[in-house]
Number of protein chains: 2
Amino acid sequence: MTRKPARRVTLQDVAKHAGVSRATASLIVRNSPKVAAKTREKVLKSIDELGYVYDRVAANLRSQKSSTIGTIITDVGNTFFSQFLLGVHHELEKYGYTVLLGTTFDSLKNQERLISTMLENRVGGILLCPVSTSSTETVDRLKTLDIPVVVGIRELNELTCDFVGLNYQAGAYLAVNHLIQKGHQQIAFIGGISDSTTWTERMEGYRAAHEDAGLSIDYSLILDSAPTREGGMEAIQKLIQQDRLPKAIFCFSDLIAFGVIIGLRKMGITPGKDIDIVGFDNIPEAEISYPPLTTVSSFAQKTGTAAASLLHNRMQHPEEQRQRIIIEPELIKRDAF
Amino acid sequence: MTRKPARRVTLQDVAKHAGVSRATASLIVRNSPKVAAKTREKVLKSIDELGYVYDRVAANLRSQKSSTIGTIITDVGNTFFSQFLLGVHHELEKYGYTVLLGTTFDSLKNQERLISTMLENRVGGILLCPVSTSSTETVDRLKTLDIPVVVGIRELNELTCDFVGLNYQAGAYLAVNHLIQKGHQQIAFIGGISDSTTWTERMEGYRAAHEDAGLSIDYSLILDSAPTREGGMEAIQKLIQQDRLPKAIFCFSDLIAFGVIIGLRKMGITPGKDIDIVGFDNIPEAEISYPPLTTVSSFAQKTGTAAASLLHNRMQHPEEQRQRIIIEPELIKRDAF
DNA sequence: TTGAAAGCGATACCAA
DNA sequence: TTGGTATCGCTTTCAA
């Protein structure tokens with residue numbers, strides 16, 4: 001896991017080559033104004049000639065600073081998270097941070113390991129999208145850490161730190177209400193891990209939409225699953241086998257919706273014609289899928305940008321009051337071609 | 001861009017607390033076997049009580065090693081690259097490396113800056129997916145670097161280092177030949193940056209397929225573009241405006257294909273019915289798009305895994321002969337629903 | 001098996 | 001403005 005490169009050209013070498021002291025050379029690489037133009041030029045020339053590469057690691061060690069940010073997400077292969085990451089990158093780049101990336105694949109063990117890795121690597125801050133099974137231990141650990149942390153997407157109970165997330169309840173309400181307005185009275189809720197807050201909040205929106213419309217909920221139409229396409233496919237097949245398939249389905253995420261679409265098709269049912277489906281997230285695929293997927297936009301990229309910006313802000317002002325940014329979702333209606 | 005955290009608990013503190021020397025404590029955190037079980041236990045207890053966090057950065061500085069890998073890709077928002085990154089992550093994780101991520105957005109300036117950043121951060125190796133305009137300067141710079149580099153996806157002329165890529169020519173041949181077999185004689189080639197090797201190689205496959213079928217090429221049907229959905233959309237609209245739209249289109253990438261599909265639809269043309277389209281990459285979206293996209297699989301994730309594995313190998317054996325891994329593509333036929 | 005001292009490559013601080 | 005010296009937190013080397 002490690003490797004020994006050849007000897008680096010050090011600032012010492014540069015200083016010697018230019019005939020100045022190490023301290024002076026250091027000032028120059030840091031763009032300090034208090035150094036004579038002539039000296040600077042001399043040193044810059046030496047840097048160039050020797051092919052000197054600044055050692056940020058050594059500098060950070062000495063100055064007790066950090067220019068890297070640990071970003072922990074669930075899965076780069078999931079478009080929602082890659083869009084989120086895109087936003088994070090765009091924002092952090094502005095401030096000159098470098099991103100150390102970790103992916104948990106929704107495993108608590110991986111999450112704990114990654115947090116350790118980030119700390120061992122002296123990151124200046126952590127952007128954490130917690131796994132669905134995050135325990136209070138994770139929370140306690142983060143609490144005792146003296147490092148800025150911003151939690152994204154999934155909130156951790158009892159953890160009072162900055163948070164950026166989505167109003168899942170409002171999103172679910174929009175989606176389910178849309179189906180109700182289309183005349184549906186029986187609406188399934190498919191997918192997602194039911195003991196995560198991202199699920200319970202959607203459930204609350206699902207419930208509220210039913211209540212406001214004076215409809216009762218058929219709990220046999222609510223099936224959770226792994227938050228993947230495969231999970232969605234399996235869940236819908238179970239529903240079909242039990243012969244309880246309704247005419248409308250609200251899916252936990254677009255990914256789940258695609259699984260549902262594939263599952264339906266496998267069973268000879270035509271999604272979009274026989275059945276109305278609404279997703280959640282508005283990942284780019286939703287725009288070109290068939291049938292075109294009506295969904296709730298969770299603005300993944302924007303969420304990433306907000307989270308990164310919040311982290312940066314927290315790093316500058318550790319004492320400011322914690323913030324909680326909730327992005328409001330939007331219903332994206334897509335009609336059949 | 002930096003921040004000063006509170007004082008860290010050091011190995012020194014641990015040693016003092018446990019009543020041993022720093023050196024002994026160091027041996028223990030590195031799992032050295034040559035330390036008495038009793039001493040180890042004592043120290044581990046102190047570590048726990050003090051909440052000690054290993055400082056990998058300081059350790060790497062001292063031992064002249066590195067446990068991070070710089071990964072430079074074009075765009076996380078592009079599914080091809082996020083799949084590639086997924087493969088890279090899966091593989092590097094096995095060996096305990098941490099990934100420092102950089103995205104160029106296909107800008108040479110960003111690429112140069114990111115390479116510098118990676119070097120300044122003492123990465124143990126670099127995985128570079130070069131931008132399309134990579135100059136010989138980039139090549140020269142990499143050559144003089146005494147650090148393992150694996151180039152991915154797009155090969156750099158004159159650079160003799162490990163490379164992992166795809167047989168674009170064979171892929172393009174598969175795609176174009178498929179269209180020819182379906183009876184088309186006029187096939188457009190849309191999208192991509194025409195002075196990149198990834199384009200010229202596809203062009204070569206396009207040409208070869210025509211030649212083998214005894215067809216001549218209509219060069220007015222070849223339009224390059226930015227390698228994005230927007231690029232594809234603009235290119236196809238140009239073709240339509242010039243009234244030169246053929247019945248078959250080979251697209252540089254799936255992303256381009258989706259742009260083309262959207263562009264066609266905007267102009268009132270129904271892709272899949274009026275026109276045959278073939279993409280390139282087989283990104284996950286292709287499976288659920290409408291019309292279902294026939295495409296050439298470039299096995300993005302597998303390519304990432306291979307690249308990461310090659311880099312690891314190179315770091316272990318710097319003197320081994322360079323390798324060139326070319327993944328063979330596959331035609332994925334998808335029929336209309 | 002353990003400990004003392006030097007050093008990785010930079011910055012901080014103070015004196016000149 | 002420049003230079004000398006201590007130091008960041010760890011590993012290495014050598015002696016005990």
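Residue numbers begin at 1 in each chain, while the letters A, B, ... track the order of the sequences.
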When the distance from [atom1] of [X] to [atom2] of [N] is rounded to whole Å, what number comes out?
X: Glu120(A); N: dG9(D); atom1: CD; atom2: P; value: 15 Å
X: Arg122(A); N: dG9(D); atom1: CZ; atom2: P; value: 6 Å
X: Leu61(A); N: dA6(D); atom1: CG; atom2: P; value: 18 Å
X: Asn121(B); N: dC8(C); atom1: CG; atom2: P; value: 21 Å
X: Leu119(A); N: dG9(D); atom1: CG; atom2: P; value: 15 Å

Does any part of the side chain of [Y], heavy atoms only, come nearer than 4.5 Å to the side chain of [X], both counted from C-beta?
X: Thr133(A); Y: Ile193(A); value: no
X: Ile69(A); Y: Met315(A); value: yes
X: Leu311(B); Y: Asp162(B); value: no

Starting at CG of Leu50(B), measure out to NZ of Lys16(B) and round the result to the nearest 0.5 Å. 10.5 Å
Does a donor on one side chain sit under 3.5 Å from an acceptor on the other, for [X] and [Y]?
X: Ser116(B); Y: Arg141(B); value: yes
X: Ser26(A); Y: Arg30(A); value: yes
X: Asp75(A); Y: Thr103(A); value: no

Check whether any side-chain nitrogen or oxygen of [X] sits under 4.0 Å from OP1 or OP2 of [N], and answer yes or no.
X: Ser21(A); N: dG3(D); result: yes
X: Gln64(A); N: dG9(D); result: yes
X: Thr39(B); N: dT2(C); result: yes

Close aromatic pair by centroid cut-off 6.0 Å: Phe84(A) and His89(A): no
What is the nucleic acid contact for Val57(A), judged by heavy atoms within less than 4.0 Å: base, sugar-phosphate only, or nothing? nothing
Please report how far the helix from dT1(C)-dA16(D) to dA16(C)-dT1(D) bends, comparing the axis fitted to its first five pairs with the axis fitted to its last five, to the nearest 10 degrees. 30°
Nucleic acid footprint by protein, nucleotides 10-16 of chain C - heavy-atom cut-off 4.0 Å, B for base, S for sugar-phosphate alone: BBB----
Give a yes or no on whether a salt bridge exists between Lys45(B) and Glu41(B), defined as a side-chain N under 4.0 angstrom from a carboxylate O. no
